[in-house]
Every structure is written in C-alpha cells, then in structure tokens.
Amino acid sequence: MLNIKSLLSRNKDRAPTPADPAAAEEKKLTVDSAVDPLLDEFDGLLSRGVPDAYRIWRAAQRYLKAGDTEKAAKCQTLNYLLHNSSIPNTVRLGEDVRFGYGGIGIVIHADCEIRKGAVVGANVTLGGHSGGKTRLNAAGKHMSVPMIGEYAHLATGCKVLGGIEVGALSIVGANSVVTKDVLPLTIVAGAPAREVGRITAENCLRYKGMFIALRKVPNEEYIALIKKYQAASIFRDCLDEPDSEV
C-alpha cells in the first residue's frame, strides 16, 4: 500500500520547477489600453528626448524665414502640446533665452520681447494690462506688453503685465505680480511687486547663479558687466532727472 505520509514528504522536499521567464514577464506587465498605444506612437520622440520650448521657437523662425508658414504654425502648436505653453511665433526672443524646466506652462503675449540671456521660469505669464502703462518699442510704437531686458531672471509663477520694462540683470521673485518698470540690477518681489534689493559690484557674486547664461563667465568679466550696466543705469537716471531751476 502506498505510504501517503512518505509521498507527501518527498513532494515537500522536491525543488519547485522554475517558471518560464517569458511567461512570468508577460504576467507581470500591466497593459493600459490608453497609455500603451501612446508609448508606441511616440517611441521615437521619447527615446530622443523632448526639445525645449526655445529650440522649438527657433525652428519656427527658420521655417518662417524659408517661407514655410505651415510648419512654423505646427511648431507653435508643438510647444503647446509638449510644454502646455503659449509662445507665439511673433514673440521676439534674443540669443540664449532659457525657459525653466524646458518651458512648462509659460504664456507670452504675441508682441512681447525677451532679450538675450534672460531666464523665464515655469508658469510665468507675460501679458497685457488693461489701462496700464505703455512703452515705446524700437520702431517708436506704443506697446502695452512687457519687454524683458538682457539676463533678467523671472522666477517661477510670476506675472509681468502691461507695457513695462524689466531691466537687465534684474530678478523678479517667484509668484510676484509686476505692473511697473523694474530698473536694471534690481530685485523685486511680492504682489504687487516691490523693490527688495539691489545688485551691485560688491554683492553680485551672490546672485551669479540666477543668471544661467553668465554662470560660466569668469568672475572678473561678470563683475565688469555688472559695473557696465550700473554705469548705464546711473547715466539714464541723470537724463531722466528734470532740469534744476536757475
């Protein structure tokens, strides 16, 4: 007669049969009917990496120069699709403009101008302001939207509204609301934004990291640049002062 206890004991000691690796992998994977097709559809894009908003805008400018308005328009839509940002092809961007996190959630009015080396953080809005200040552009036209100066830093979530100028090498704090001109080398913060500091030749190294395009510039050159804008700002202030009475 078969010894049941002996049979059970032998089965207990026997090593389990290894599972088929392919079958185990297939069982482990969870298929999502909405996500998986998109992974396949955008496999090339995801493998190469997503181009940042500035690169897409530059491509649009090249297409416009070549007369291909259709592809230029698609570039604008691509920025919306990839970065949830509205950056019209008519926006004027200088060299080496940087967008935070590649350009997430940025809204820029079609007539805005952003000069070289400026940093625009995520979720920043540059737009008009009803009844607000206007400025003159290089063509002498009154503009009701901002101009962002060279190397200025606009931190995450701030709003710059109306025909104002944010001066070169200035810093706008996170979530600030700016409706008045910001002088060069000035730090503003708050809603409404107010001046909270000045950048000088003496303290400028403390803020160098904010100006991404200048991070690799030798300190001596960086300080010389600060002094140059400082002198230009003082000269402009002198021109703006009313003539004293004789």
Side-chain angles (χ1 to χ4, degrees), residues 50-65 69-139 141-182 184 186 188-189 191-193 210-213:
V50 176
D52 63 45
Y54 182 65
R55 182 172 181 174
I56 296 171
W57 176 87
R58 283 177 63 91
Q61 303 310 301
R62 290 195 292 270
Y63 286 126
L64 287 172
K65 190 174 181 179
T69 56
E70 184 178 351
K71 278 195 174 180
K74 287 181 178 179
C75 284
Q76 184 172 318
T77 303
L78 187 63
N79 253 334
Y80 179 75
L81 177 66
L82 296 181
H83 300 292
N84 194 32
S85 290
S86 175
I87 306 175
N89 292 334
T90 53
V91 170
R92 297 177 61 189
L93 301 181
E95 289 296 320
D96 211 19
V97 169
R98 308 295 182 92
F99 290 123
Y101 297 98
I104 297 174
I106 294 170
V107 178
I108 304 178
H109 191 283
D111 294 327
C112 279
E113 178 183 357
I114 304 174
R115 294 185 176 172
K116 71 176 182 179
V119 177
V120 180
N123 297 311
V124 165
T125 298
L126 306 178
H129 180 42
S130 179
K133 184 180 180 294
T134 62
R135 63 179 176 85
L136 286 175
N137 66 7
K141 181 182 177 183
H142 284 275
M143 307 297 292
S144 59
V145 295
M147 188 282 291
I148 310 302
E150 297 176 352
Y151 308 112
H153 183 106
L154 309 182
T156 301
C158 71
K159 294 174 175 58
V160 183
L161 307 173
I164 63 176
E165 295 187 17
V166 175
L169 288 155
S170 58
I171 298 173
V172 177
N175 299 315
S176 297
V177 178
V178 185
T179 58
K180 296 180 180 179
D181 288 341
V182 177
T186 302
V188 300
M210 304 289 285
F211 309 121
I212 297 176

Looking only at heavy atoms, what is the nearest atom pair of [X] and [Y], with distance?
X      : Y      : value
Ala122 : Tyr101 : CB-CD1, 4.2 Å
His153 : Met210 : ND1-O, 2.8 Å
Pro88  : Ala110 : CG-CA, 3.8 Å
Gly117 : Ala213 : CA-CB, 3.9 Å

Can you find a pair of side-chain heavy atoms, one from Thr125 and one from Lys159, that are under 4.5 Å apart?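 Side-chain contact under 4.5 Å: yes.
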Atom pair [atom1]/[atom2] of [X] and [Y] - distance to nearest 0.5 Å:
X      : Y      : atom1 : atom2 : answer
Asp181 : Met147 : CG    : CE    : 8.5 Å
Thr90  : Gln76  : OG1   : CD    : 7.0 Å
Tyr80  : Ile56  : OH    : CD1   : 14.5 Å
Lys180 : Lys133 : NZ    : NZ    : 11.5 Å
Leu154 : Asn123 : CG    : CG    : 13.0 Å
Arg115 : Glu165 : CZ    : CD    : 7.0 Å

Heavy atoms of other groups near Arg98 CZ, more than 12 under 6.0 Å: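 Correct, the count exceeds 12.
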Counting distance only, does the side-chain N/O of [X] pair as donor-acceptor with the main-chain N or O of [Y] below 3.5 Å?
X     : Y     : result
Asn79 : Ala53 : yes
Thr77 : Cys75 : no
Gln61 : Asn89 : yes

side-chain contact (heavy atoms from CB on, under 4.5 Å), that's the test. Do Leu64 and Thr69 meet it? Break it down for me. CA-CA 6 Å; Leu64 287 172; Thr69 56; 4.2 Å; yes
